[in-house]
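Below you'll find the structure, written out as structure tokens, and then a few comments.
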Amino acid sequence: MAILVTGGAGYIGSHTVAELLDVSEEVVIIDNLSKGHKKAVLGGKFYEGDIRDDDFLDKVFKENDIEAVIHFAAFSLVGESVQDPLKYYNNNVVLTLKLLTKMKDCGVKKLVFSSTAATYGEPENIPILETDRTLPTNPYGETKLAVEKALKWADKAYGIKYISLRYFNAAGAHISGKIGEDHNPESHLIPIVLQAALGKRSEVSIFGEDYDTPDGSCIRDYIHVTDLAQAHILALEKLRNNDESCIYNLGNGQGFSVKEVISIAREVTGVNIKAVTSERRPGDPAVLVASSEKIRKELNWQPKYGELHKIIETAWNWHKNNPDGFGD
Ligand code: UFG
């Protein structure tokens with residue numbers, strides 16, 4: 001039976017497809033390529049199309065014997081979600097409800113869902129536990145939380161079991177150097193810093209130096225994309241063991257400030273990357289650090305690339321060799 005990966009040509013999706021192929025899973029990928037890259041898909045059976053297209057979804061579910069779904073397809077830019085919330089509700093909520101309905105109709109009862117640290121909003125405690133308050137401060141986080149709530153009820157009513165993974169800051173690139181991060185436009189810190197190292201940007205802006213943190217810049221918990229991908233394999237195993245639905249944080253449990261990231265990137269690249277201070281970015285919490293104790297304990301998840309130095313090294317390897325990303 002096959003694992004259906006939606007958004008499998010995207011950054012985290014493509015790295016998860018790579019891990020699934022490594023453990024010889026049969027993989028079916030759907031992606032409308034609005035953000036993803038065909039070249040990022042290293043194998044499996046690829047369908048280009050949109051979940052909103054009924055005929056397309058019917059075809060994929062008819063032509064394949066789908067055991068479980070790993071659902072990445074979504075928009076994920078916090079700022080954009082504030083500008084255009086309905087775009088986010090339409091894509092992230094409506095589209096997921098369509099997929100869930102299809103799963104229900106076809107008797108597919110296992111789902112791994114891409115969720116986010118943005119479900120918490122301003123944290124109550126650091127590190128953040130899965131049981132902490134969820135009060136998103138932007139529509140992106142709201143849409144992911146809305147889906148998590150729908151999943152709870154879909155489990156009760158139809159027996160669709162799910163694992164929701166709340167990602168903190170995904171970063172880095174595949175160790176093989178074959179795939180990496182390529183967003184257009186890029187808004188994430190590490191690729192921006194590395195583009196500056198490559199001379200593709202003149203400088204990096206530090207969004208705010210007046211936060212209540214030791215050096216005044218925001219602190220985040222960076223997690224290697226392959227370690228994130230591995231967690232999806234473990235989640236799939238848990239679902240195969242007929243375990244209960246649940247939610248896990250995914251981070252390394254260690255925070256780094258924007259200035260620390262830039263300084264490590266200078267060491268890794270050997271380039272004196274220019275950084276300038278600019279205004280705070282609206283909606284940015286000062287500190288986001290995960291407790292991932294639950295997934296470590298329950299699924300024995302162990303990050304392989306936990307060091308930020310290593311994470312940035314893999315990203316640099318990708319950006320250096322692919323300065324124009326996938327070039328599409
Ligand atoms: N930053 C800068 N300069 C830049 C880009 C980012 O200083 O040019 C800062 C941001 O203000 C933030 C940190 O670097 O403090 C990390 O920013 P990213 O944009 O790389 O990542 P975010 O923490 O904003 O976003 C991540 C995920 C989102 C998710 C969010 C949850 O990418 O999908 O965490 O809060 F919603």
Side-chain angles (χ1 to χ4, degrees), residues 7 10-13 35 72-82 85 88 91-92 113-123 126-128 132 134-145 147-148 164-172 181-183 185-197 200-225 228 249-252 255-265 273-290 308 311-312 315 319:
Y11 173 45
I12 305 174
K35 303 271 175 195
F72 293 101
F75 290 143
S76 61
L77 297 178
V78 169
E80 186 187 53
S81 79
V82 178
Y88 275 68
N91 201 47
N92 297 1
F113 176 63
S114 288
S115 188
T116 169
T119 51
Y120 295 107
E122 278 293 338
I126 295 291
I128 302 172
D132 284 354
T134 46
L135 202 59
T137 50
N138 55 64
Y140 169 63
E142 288 284 9
T143 60
K144 292 288 182 175
L145 189 60
V147 171
E148 284 189 353
S164 182
L165 300 176
R166 291 180 176 162
Y167 313 149
F168 282 64
N169 288 63
E181 191 165 8
D182 177 7
H183 297 114
E186 189 52 78
S187 66
H188 297 94
L189 179 65
I190 291 176
I192 284 178
V193 170
L194 297 180
Q195 284 172 356
K200 293 182 74 76
R201 294 173 188 260
S202 54
E203 61 196 25
V204 180
S205 297
I206 300 169
F207 295 153
E209 283 191 327
D210 55 351
Y211 285 96
D212 186 15
T213 59
D215 67 18
S217 65
C218 283
I219 293 179
R220 293 290 180 272
D221 183 344
Y222 296 89
I223 170 171
H224 194 278
V225 64
L228 259 189
N249 284 341
L250 273 171
N252 278 309
F256 290 89
S257 72
V258 173
K259 289 184 183 175
E260 285 172 325
V261 169
I262 296 171
S263 146
I264 296 173
I273 302 158
K274 185 177 173 204
V276 296
T277 307
S278 72
E279 292 292 291
R280 287 184 178 200
R281 189 171 65 176
D284 269 346
V287 183
L288 284 175
V289 177
L308 185 57
I311 295 175
I312 296 182
H319 285 281

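The figures that follow rest on heavy atoms only: side chains count, while hydrogens, waters and symmetry mates do not. Both ligands and their constituent atoms are indexed starting at 1 by order of listing.
The shortest non-hydrogen separation linking Ile128 to Asp132 is CA-OD2, 3.6 Å. Cys218 approaches Pro285 most closely through the heavy-atom pair SG-O, 3.7 Å. In plain terms, the two heavy atoms of Gly7 and Phe72 that are nearest each other are O-CB, 4.0 Å. In terms of heavy-atom proximity, Glu209 sits nearest to Thr277 at OE1-OG1, 2.7 Å. Across Leu288 and Gly121, no two heavy atoms sit closer than the pair CD2-O, 4.1 Å. Scanning all heavy atoms of the two residues, the minimum distance from His224 to Ile311 falls at N-CD1, 3.7 Å.
Taking every non-hydrogen atom of Ser187 and a distance limit under 4.0 Å, the qualifying atoms of ligand 1 come out as 5 (C), 19 (O). Applying the 4.0 Å criterion to heavy atoms of Cys218 picks out, from ligand 1, the atoms 15 (O). When each atom of ligand 1 is checked for a heavy atom of Ser76 under 4.0 Å away, the hits are 33 (O). The ligand atoms of ligand 1 that sit less than 4.0 angstrom from a heavy atom of Ile206 are 7 (O). Using a 4.0 Å cut-off to heavy atoms of Thr116, the atoms of ligand 1 that qualify are 29 (C), 31 (C), 36 (F). The ligand atoms of ligand 1 that sit less than 4.0 angstrom from a heavy atom of Ser205 are 2 (C), 3 (N), 4 (C), 7 (O), 8 (O). Ligand 1 places these atoms under 4.0 Å from at least one heavy atom of Val78: 36 (F).
Among all protein heavy atoms, the one lying closest to atom 1 (N) of ligand 1 is Phe207 CD1, 3.6 Å. Closest to atom 35 (O) of ligand 1, if we only count protein heavy atoms, is Leu288 CD1, 3.3 Å. Counting protein heavy atoms only, atom 11 (O) of ligand 1 is closest to Asp284 OD2, 2.5 Å. Among all non-hydrogen protein atoms, the one lying nearest atom 25 (O) of ligand 1 is Asn169 ND2, 3.9 Å. With respect to atom 17 (O) of ligand 1, the closest heavy atom belonging to the protein is Arg281 NH2, 3.4 Å. The nearest heavy-atom contact from the protein to atom 36 (F) of ligand 1 is Tyr140 CE2, 2.9 Å. The protein heavy-atom contact nearest to atom 9 (C) of ligand 1 is Val258 CG2, 3.7 Å. Looking from atom 32 (O) of ligand 1 to the surrounding protein, the closest heavy atom is His188 NE2, 3.0 Å.
When atom types are taken as modelled, the side chain of Asn169 and the backbone of Arg220 share no donor-acceptor pair closer than 3.5 angstrom. Judged purely by atom type and a 3.5 angstrom limit, Ser217 uses its side chain to pair as donor or acceptor with the backbone of Lys259. Distance alone, capped at 3.5 Å, places no donor-acceptor pair between the Asn92 side chain and the Tyr140 backbone. Put simply, the side chain of Lys35 never gets that close to the backbone of Phe75: no donor and acceptor are under 3.5 Å apart.
The aromatic rings of Tyr11 and His183 sit perpendicular to each other, their planes meeting at more than 60°, with 30° as the lower class boundary.
For the residue pair Ser115 / Glu148, a side-chain donor-acceptor distance below 3.5 Å is found, with atom types taken as modelled.
Inclusion of Tyr222 in the set of residues having an N or O under 3.5 Å from an N or O of ligand 1 is not warranted. Every N/O-N/O distance between Ile192 and ligand 1 stays at or above 3.5 Å. For Arg220, a nitrogen or oxygen atom sits less than 3.5 Å from a nitrogen or oxygen atom of ligand 1, counting backbone and side chain alike. By the 3.5 Å distance cut-off applied to N or O atoms, Val204 is not counted among the residues near ligand 1.
Under the 4.0 angstrom criterion for non-hydrogen atoms, Tyr211 is not in contact with ligand 1.
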